[in-house]
Each structure stands twice: as structure tokens, then as C-alpha cells.
Asks: 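This is the structure I have questions about; it appears just below.
These figures come from a predicted structure and were not determined experimentally. Values reported hereafter were calculated over all heavy atoms of this structure, with side chains retained and with hydrogens, waters and symmetry mates removed.
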Amino acid sequence: MVWGIMLASSSFEIVLLTTGILLLATVFAGTLSSRFGLPALIGFLALGMLAGVNGPGGLRFNDYGLTQFIGIVCLVFILFSGGLDTSWRAVRRAAGPALVLATFGVIISAGIMAFAAVNLMQFDWAHGFLLGTVIASTDAAAVFAILRSTGLDLEGDVPALIELESGSNDPMAIFLVTAAVLFMTEPDTSMLRLVPDFFTQMILGGMVGLAAGWLMPEILKRSHYRHGGLAFVISIASALVAYGLAQVLGGNGFLAAYLAGLLAGSRSYAAKKIVSTFQDGMAWLAQVVMFLTLGLLVAPSNLVDVVLPGIAITVILMFVARPLSVFLCLAPFRSYGWRAKLFVSWAGLRGAVPIVLATFPMVAGVPGAFAIFNIVFFVVLLSSVVQGPTINWAAQRLGISTREGNDQAAAFGSVH
């Protein structure tokens with residue numbers, strides 16, 4: 001309640017002070033949750049909820065439009081940084097299966113979840129499809145954070161597959177959510193009209209992303225900003241231009257941001273190491289801000305009514321929709337055995353992306369969107385608490401982690 005009173009005074013200095021305190025407290029909360037084996041995002045979200053209207057902070061925040069804007073900006077830097085830290089030489093063999101998972105896998109998951117929502121929760125097909133599309137994609141921020149903070153050393157192309165999929169499946173999820181919202185707000189919309197739009201978004205987003213990823217190293221090579229702070233400014237501008245230009249031209253900005261980072265990270269230039277380190281810091285700042293904002297937006301009291309449907313949706317998502325989509329999509333790729341497929345299924349973490357996508361119908365004024373938002377938030381919380389801490393355990397039990405040495409691998413057989 002203290003922070004609510006302070007913000008009510010409209011003092012600019014107090015707002016800045018409160019923001020700084022919240023950011024510091026969020027980092028400490030994330031560190032504390034990590035020590036208990038939980039993903040840092042749980043700490044970030046929890047702190048936001050404590051600072052919110054139902055917590056001791058008493059901050060009143062219910063601006064879904066602003067939350068959507070903050071989420072989009074933060075996702076741009078998370079995806080750009082994820083691309084920078086991904087070696088194309090290391091992941092190119094996984095490009096084919098990752099692309100299939102990032103497209104058809106999202107569609108399959110969305111369809112299964114829509115069917116479950118209609119038959120278990122008595123949703124109509126429009127709302128069931130909307131819920132399914134919102135929670136169908138994995139979250140790049142959660143996946144990058146878990147894989148790179150736990151020090152998992154996985155065999156084969158499994159880590160490359162998981163990272164590439166999580167970094168490239170947002171465009172399909174956004175397209176499906178946009179289509180669902182459009183059908184609910186404009187029922188006469190033709191599905192055939194949307195198909196060319198999807199391919200246009202992918203092509204333009206890809207072209208802009210590759211152009212931005214080529215241009216950033218060239219600018220740093222030819223300029224005198226090799227070691228100075230202006231190299232950081234150029235990297236920020238590259239991420240924003242990649243997203244913004246793609247969106248303005250009708251392409252997909254998230255795909256452009258990820259490909260820009262991926263191509264820039266595969267090239268050599270003098271400031272590469274410090275730019276990568278700086279962007280890693282930007283990505284962590286983006287995660288802190290995004291999850292804190294999302295935590296502020298949700299009142300814990302609103303989650304009480306969605307506990308049972310949330311548990312049901314989470315169970316189906318983790319044990320039916322995700323595994324089925326992975327096994328179907330990876331069936332043509334013989335290099336991935338059933339153990340690898342099971343791990344990829346379990347590592348399909350949900351995070352901020354589904355919550356940000358759930359703001360789309362809220363902003364559009366879709367009836368019932370508030371209930372869907374609360375269900376999605378609960379699903380993200382529950383799946384993070386269950387899946388995040390068990391990633392290492394799953395890798396070891398399935399014998400695809402090299403951490404335990406050859407004895408364990410022999411006990412469970414080959415990954416492939």
C-alpha cells in the first residue's frame with residue numbers, strides 16, 4: 001500500500017525511486033527462486049504480484065495495452081540476444097526439424113488444446129481456438145534462460161533444436177492468435193485471405209532480419225566504434241530497426257529480430273564479444289521488466305476461479321498436446337530417437353509469450369478474454385514450477401545429458 005500512496009503523489013523522483021527499488025527487488029526475487037530450483041521468472045512474477053493491488057505494495061496497474069507494448073519491446077531484445085548467442089554452425093543441422101516444430105507443431109498443439117477447451121471446459125469453438133493458439137508456442141525467454149543458466153550439456157542436436165524452435169515459433173503463434181481475434185471480431189473474414197498474409201509476413205520478416213543481421217557487423221567493421229559505447233547503441237538500433245521495419249513493410253518483426261541476431265552472431269567483427277555481453281544484459285533486463293509488469297497486471301484473487309480448469313489445461317498441454325506435436329513433427333527425422341523426443345517435449349517451456357499473446361484479445365475487446373488471460377497466466381505459472389526445476393532430472397533420466405558421463409548413457413541406450 002505504501003508504493004500505491006507514493007505513486008499517487010505523482011512525484012517524478014518517487015516514481016524513479018520506486019522503479020529502481022522494484023527492479024532490484026525483482027532481481028533478488030529471481031535469484032532466491034533459482035536457489036530453490038525454480039526458474040527465475042517465477043521470482044520475477046511473484047514480486048510483481050506482491051507489489052500489485054492484492055499484495056503489500058498496493059500498486060494498481062491494469063493497462064493491457066501498455067503491457068502488450070512493453071512485452072513486445074522486451075521480446076524483441078530477448079529474441080535478438082538469443083540469436084546473437086546461437087552459433088549457426090552448431091544449429092544448422094537442426095534447422096529443418098526446428099522449422100517444422102515451429103510451424104506445424106504450433107498448429108497441432110493449438111488444435112489439441114482447442115479440442116480440450118471445448119470438451120472439458122465447455123468453451124465454444126471460437127474461444128477454444130483462441131485459448132489453444134495463445135498457449136501453443138514455447139517461450140524463447142524461458143528456454144534460453146533455463147538451458148544457459150543450468151549448464152546443461154546435452155548430446156547431439158537436441159539443444160540446438162530446442163533453441164531454434166523457441167526462437168522461431170512466435171510468428172506462427174502470433175499469426176494464429178491474430179486470426180482467432182479477427183474471426184471473433186469480424187466473423188465474415190475469409191480464412192483463404194489470411195494464408196497469403198502469413199507467407200508474406202514470413203518472407204518479408206526473413207528478408208529484413210537477414211539484411212539487418214548483415215548490416216550491423218558491416219557498420220561496426222567500417223566504423224571507429226569497435227570498443228566504445230556507441231557499439232552498444234548500434235546493436236540496440238539493429239534490433240529495433242529489424243523489428244520495426246519488418247512490421248511497417250508487412251512482415252513479421254519477431255522473426256526479423258531473431259534472424260538479425262542469428263546472422264550477426266555468425267559473423268566476425270571487432271566488437272562482437274562486448275556487444276554479445278551487452279545484449280545478454282539487455283535480455284535479462286527485458287525479462288525482469290516484462291515479468292514484473294505481467295505480475296503487476298495480475299491480481300492473485302482472480303486466479304482462484306481458474307485453478308481447476310488451469311490444472312486440467314496444463315496437464316493436457318504437458319502430457320498430451322506437446323508430446324504428440326513433437327513426435328508427429330519429428331517422425332520424418334530419424335536422427336531423433338524417442339528419448340530425445342521426450343526431452344524436447346518436456347523442455348517446451350511456457351513463459352511470457354503466451355501471457356503477452358493473451359493481452360491481444362483483451363486489447364481488442366473480445367468477450368471472455370479476461371477469463372482466458374487468467375487461465376493462461378495460471379498455466380504458465382504451473383508449468384514453470386513443474387517443468388523448469390525438472391529439466392536437469394529429465395535429461396539425466398533419459399540419458400541425453402553428458403554430465404553424468406558414459407555410464408549413464410550406456411544404462412539408457414543411445415539418444416538416437
Asks: Please confirm whether the backbone N or O of Leu349 pairs with a side-chain atom of Gln387, one donor and one acceptor, at under 3.5 Å?
Replies: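 No, because the side chain of Gln387 does not come within donor-acceptor range (under 3.5 Å) of the backbone of Leu349.
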Asks: Is there a donor-acceptor pair under 3.5 Å between the side chain of Thr103 and the backbone N or O of Leu99?
Replies: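 Yes; at least one donor-acceptor contact below 3.5 Å.
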Asks: Step through the shown structure and confirm whether more than 12 heavy atoms of other residues, nucleotides or ligands are within 6.0 Å of CE on Met207.
Replies: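 Incorrect, the count does not exceed 12.
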Asks: Is any side-chain heavy atom of Leu101 closer than 4.5 Å to a side-chain heavy atom of Asn169?
Replies: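 No, side chains not in contact.
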Asks: According to side-chain hydrogen bond (donor to acceptor under 3.5 Å, both in side chains), does anything in residues 347-358 pair up with another residue at least two apart or in another chain? List the pairs.
Replies: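 Qualifying pairs, neighbours excluded: none.
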Asks: Please list all pairs passing the ring-ring contact (aromatic ring centres under 6.0 Å, His included) test where one or both residues lie in residues 363-398, with sequence neighbours left out.
Replies: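 Output for this query lists Tyr64-Phe373.
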Asks: Quick one: CG on Leu285 to CD on Gln279, what's the gap to the nearest 0.5 Å?
Replies: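 Between atom CG of Leu285 and atom CD of Gln279 there are 11.0 Å.
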Asks: Applying ring-ring contact (aromatic ring centres under 6.0 Å, His included), name anything that partners Phe61, two or more places apart in sequence or on another chain.
Replies: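 ring-ring contact (aromatic ring centres under 6.0 Å, His included) list for Phe61, sorted by chain: empty.
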Asks: Enumerate the residue pairs fulfilling side-chain hydrogen bond (donor to acceptor under 3.5 Å, both in side chains) with a member in residues 126-135, sequence neighbours excluded, ordered by first and then second residue.
Replies: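 Only Asp124-His127 qualify under side-chain hydrogen bond (donor to acceptor under 3.5 Å, both in side chains).
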Asks: Listed by chain and number, what are the side chain to side chain donor-acceptor pair (under 3.5 Å) partners of Ser345, not counting sequence neighbours?
Replies: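 If we apply the side chain to side chain donor-acceptor pair (under 3.5 Å) test to Ser345, skipping adjacent residues, there are no hits.
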Asks: Mark yes or no for whether Lys272, through its side chain, and Gly265, through its backbone, hold a donor-acceptor pair below 3.5 Å.
Replies: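 Judged by distance alone, yes, a pair lies under 3.5 Å.
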Asks: Does the side chain to side chain contact (heavy atoms under 4.5 Å, CB included) test come out yes or no for Phe327 and Trp338, once each step is laid out?
Replies: CA-CA 8 Å; Phe327 273 78; Trp338 66 269; 4.3 Å; yes
Asks: Quick check for you: to the nearest 0.5 Å, what is the distance between Asn252 atom CG and Ser168 atom OG?
Replies: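 Reported value, rounded in 0.5 Å steps: 10.5 Å.
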Asks: For Thr293, give me all partners under side chain to side chain donor-acceptor pair (under 3.5 Å), at least two apart in sequence or on another chain.
Replies: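 Not a single residue meets the side chain to side chain donor-acceptor pair (under 3.5 Å) criterion with Thr293.
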Asks: Can a donor-acceptor pair be found between the side chains of Thr67 and Thr359 at a distance below 3.5 Å?
Replies: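 Side-chain D/A pair, Thr67 to Thr359: absent.
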Asks: Find out whether Ile236 and Phe278 are in side-chain contact, i.e. whether some heavy atom of one side chain is under 4.5 Å from a heavy atom of the other.
Replies: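 Contact flag for Ile236/Phe278 side chains = yes.
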Asks: Please tell me if the side chains of Met216 and Arg267 come closer than 4.5 Å, counting only heavy atoms from C-beta onward.
Replies: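 No; the side chains remain at least 4.5 Å from each other.
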Asks: Does any non-hydrogen side-chain atom of Ile372 lie less than 4.5 Å from one of Phe123?
Replies: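 A side-chain contact under 4.5 Å exists here.
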Asks: Calculate, to the nearest 0.5 Å, the distance between atoms CH2 and CG belonging to Trp214 and Leu210 respectively.
Replies: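 These two atoms lie 12.5 Å from each other.
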Asks: Under 3.5 Å, side chain of Asn119 to main-chain N/O of Phe115, donor-acceptor pair present?
Replies: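 Answer holds: yes.
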Asks: Is Phe69 atom CZ crowded by more than 12 heavy atoms from other residues, nucleotides or ligands, each under 6.0 Å away?
Replies: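 No - once you tally the heavy atoms of other residues, nucleotides and ligands closer than 6.0 Å, there are 12 at most.
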Asks: Given Phe175, which of Phe360, Phe198, Phe254, Phe199 fulfils the ring pair (Phe, Tyr, Trp, His ring centres under 6.0 Å) condition?
Replies: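 Filter result, single survivor: Phe198.
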